[in-house]
Amino acid sequence: MGGCLDSGQQQSYRDDGVLCPLAVLTETETSFACEQALAFLGAQGPEARSVDSSQSHLFFPWAFDLVTNPRVLDAVEGVLGPDIIGWATTLFAKPPGDSSRVTWHQDGTYWGLDSTRVTTAWIALTVSNPANGCMRVVPGTQELAIQPHLDTFASDNLLSRGQEIQVEVDEAEVVDLVLEPGEMSLHHVNLVHGSDSNTTDGWRVGFTVRYITPDVRQEGNTRPLAVLARGEDRFGNYQLVDRPPERPLEDAVAALGEFNREFLSRLMPSPEPPG
Ligand SMILES: O=C(O)CCC(=O)C(=O)O
């Protein structure tokens with residue numbers, strides 16, 4: 001495998017299902033992306049959930065530029081190889097003092113991907129630490145098959161269904177992924193992870209990119225939109241999109257909202273509680 005990860009880092013990812021911290025963005029890139037992300041969240045309004053910020057890279061050039069950032073891709077290449085598709089993105093943002101959290105879960109539960117050749121880049125646009133609710137992981141759990149999850153639909157959960165793994169997590173095995181702004185972690189699609197509330201007076205903002213290899217298919221979604229971030233696509237499972245044009249913030253927010261209503265109904269049927 002190529003990319004910028006050395007063999008020790010690659011082995012560590014294989015053993016633990018997670019690798020962190022990796023410095024990827026410059027200070028200027030980080031503060032620009034963070035400003036843009038906060039402006040986007042402000043335009044969406046306080047009622048918006050994390051799931052409503054999914055796929056921002058299809059409408060916002062700053063988000064597309066994170067998906068195609070060469071230093072992010074150098075690291076991802078060390079895990080997935082030279083052909084890389086940016087399949088999905090979400091902004092996981094916790095405002096100051098926000099009680100919302102992310103219950104223990106495995107990402108693969110609802111994504112409908114037919115392979116584990118998938119990795120998430122969690123890019124810190126602010127500092128991320130235990131006080132503001134950084135990601136927490138249980139290394140090694142990527143070896144588990146997908147475990148049963150309960151959809152709680154809890155309102156203080158950043159996940160669309162409030163999904164929670166039905167397996168006891170041993171706190172002694174949990175590792176906090178502490179990141180400085182501009183650093184990222186990579187995690188495996190089956191790794192058990194979550195995060196706690198933000199108890200600080202600052203934002204905690206993470207931009208996630210779900211990368212896959214081009215052969216990976218998404219069941220129940222015919223040729224979803226995706227970005228060929230690096231290399232070649234010899235499979236044609238995705239409609240490849242270009243960098244979106246700059247447009248007024250309100251227009252981009254409205255277009256994303258419309259797109260997500262349709263996209264999410266296919267990705268995660270019945271995202272709302274019955275009734
Ligand atoms: O940002 C968080 O707190 C959780 C993120 C997460 O669950 C994920 O990236 O899969």
Side-chain angles (χ1 to χ4, degrees), residues 13 17-22 24 33-34 37-38 41 48-57 63 66-67 72 75-76 79 86-96 98-113 116 118-139 141-142 144 146-147 149 151-152 154 156-165 169 174-179 181 183-200 202-212 264 267-268 271:
Y13 182 86
V18 62
L19 192 62
C20 146
L22 298 161
V24 284
C34 191
L38 291 177
L41 293 170
R49 304 160 305 162
S50 271
V51 72
D52 300 317
S53 70
S54 296
Q55 307 303 71
S56 57
H57 65 288
L66 289 175
V67 175
V72 172
V76 172
V79 170
W87 169 66
T89 61
T90 300
L91 196 54
F92 282 100
K94 296 178 184 171
D98 186 42
S99 64
S100 60
R101 60 199 189 94
V102 171
T103 39
W104 295 112
H105 68 285
Q106 292 168 298
D107 289 335
T109 317
Y110 298 104
W111 290 358
L113 298 175
T116 54
V118 184
T119 194
T120 291
W122 197 104
I123 306 170
L125 301 184
T126 61
V127 69
S128 188
N129 57 30
N132 68 9
C134 65
M135 277 253 296
R136 313 188 75 214
V137 304
V138 188
T141 48
Q142 79 284 357
L144 297 172
I146 294 293
Q147 301 295 303
H149 284 65
D151 292 343
T152 67
D156 66 347
N157 197 316
L158 291 186
L159 300 177
S160 58
R161 295 163 174 263
Q163 55 262 41
E164 185 162 9
I165 200 166
V169 169
V174 172
V175 172
D176 290 321
L177 302 187
V178 175
L179 297 171
E183 292 181 339
M184 74 169 185
S185 57
L186 291 175
H187 71 262
H188 187 282
V189 66
N190 284 3
L191 187 78
V192 176
H193 62 285
S195 68
D196 291 330
S197 309
N198 180 0
T199 61
T200 71
W203 281 82
R204 190 225 68 165
V205 183
F207 185 82
T208 59
V209 190
R210 321 303 188 171
Y211 291 105
I212 60 178
L264 290 170
L267 179 65
M268 296 178 285

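Read the numbers this way: they start at 1 and go in the same order the structure lists the ligands and their atoms. From a predicted model like this one, the values you see are computed outputs, not experimental measurements.
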Open item on the list: Hydrogens and angles aside, do Arg101 and Ser195 bring a side-chain donor and acceptor to less than 3.5 Å of each other?
Closed with: no
Task: Side chains of Met135 and His187 in contact at under 4.5 Å (non-hydrogen atoms) - done: yes
Open item on the list: Within the structure, is a non-hydrogen atom of His105 found at a distance of less than 4.0 Å from ligand 1?
Closed with: yes
Task: Atoms of ligand 1 close to Thr208 [distance to a heavy atom under 4.0 angstrom, numbered from 1] - done: 9 (O)
- [ ] Determine whether the side chains of Asn132 and Thr200 contain a donor N or O and an acceptor N or O closer than 3.5 Å.
- [x] no
Task: Close-contact set for ligand 1 against Asp107 heavy atoms, below 4.0 Å - done: 10 (O)
- [ ] Around atom 3 (O) of ligand 1, find the nearest protein heavy atom and jot down its residue, atom name and distance.
- [x] Ser195 OG, 2.6 Å
Open item on the list: Leu159 and side-chain contact (heavy atoms from CB on, under 4.5 Å): which single residue from Val102, Asp151, Thr109 fits?
Closed with: Val102
Task: Reported CG-to-CG distance for the pair Asp52 and Leu91, which is rounded to 0.5 angstrom - done: 11.5 Å
Task: Backbone or side-chain N or O of Arg204 under 3.5 Å from ligand 1 N or O - done: yes
Open item on the list: Please report whether ligand 1 has a polar contact with His193, defined as an N or O pair separated by less than 3.5 Å (distance criterion only).
Closed with: yes
- [ ] Could you tell me the residue and atom name of the protein heavy atom closest to atom 9 (O) of ligand 1, and the distance to it rounded to 0.1 Å?
- [x] Arg210 NH1, 3.2 Å
Open item on the list: Angle between ring planes, His188 versus Tyr13, binned at 30° and 60°: parallel, tilted or perpendicular?
Closed with: tilted
Open item on the list: Taking 4.0 angstrom as the limit and counting only heavy atoms of Met135, give me the atoms of ligand 1 inside it, by number and element.
Closed with: 4 (C), 5 (C), 6 (C)
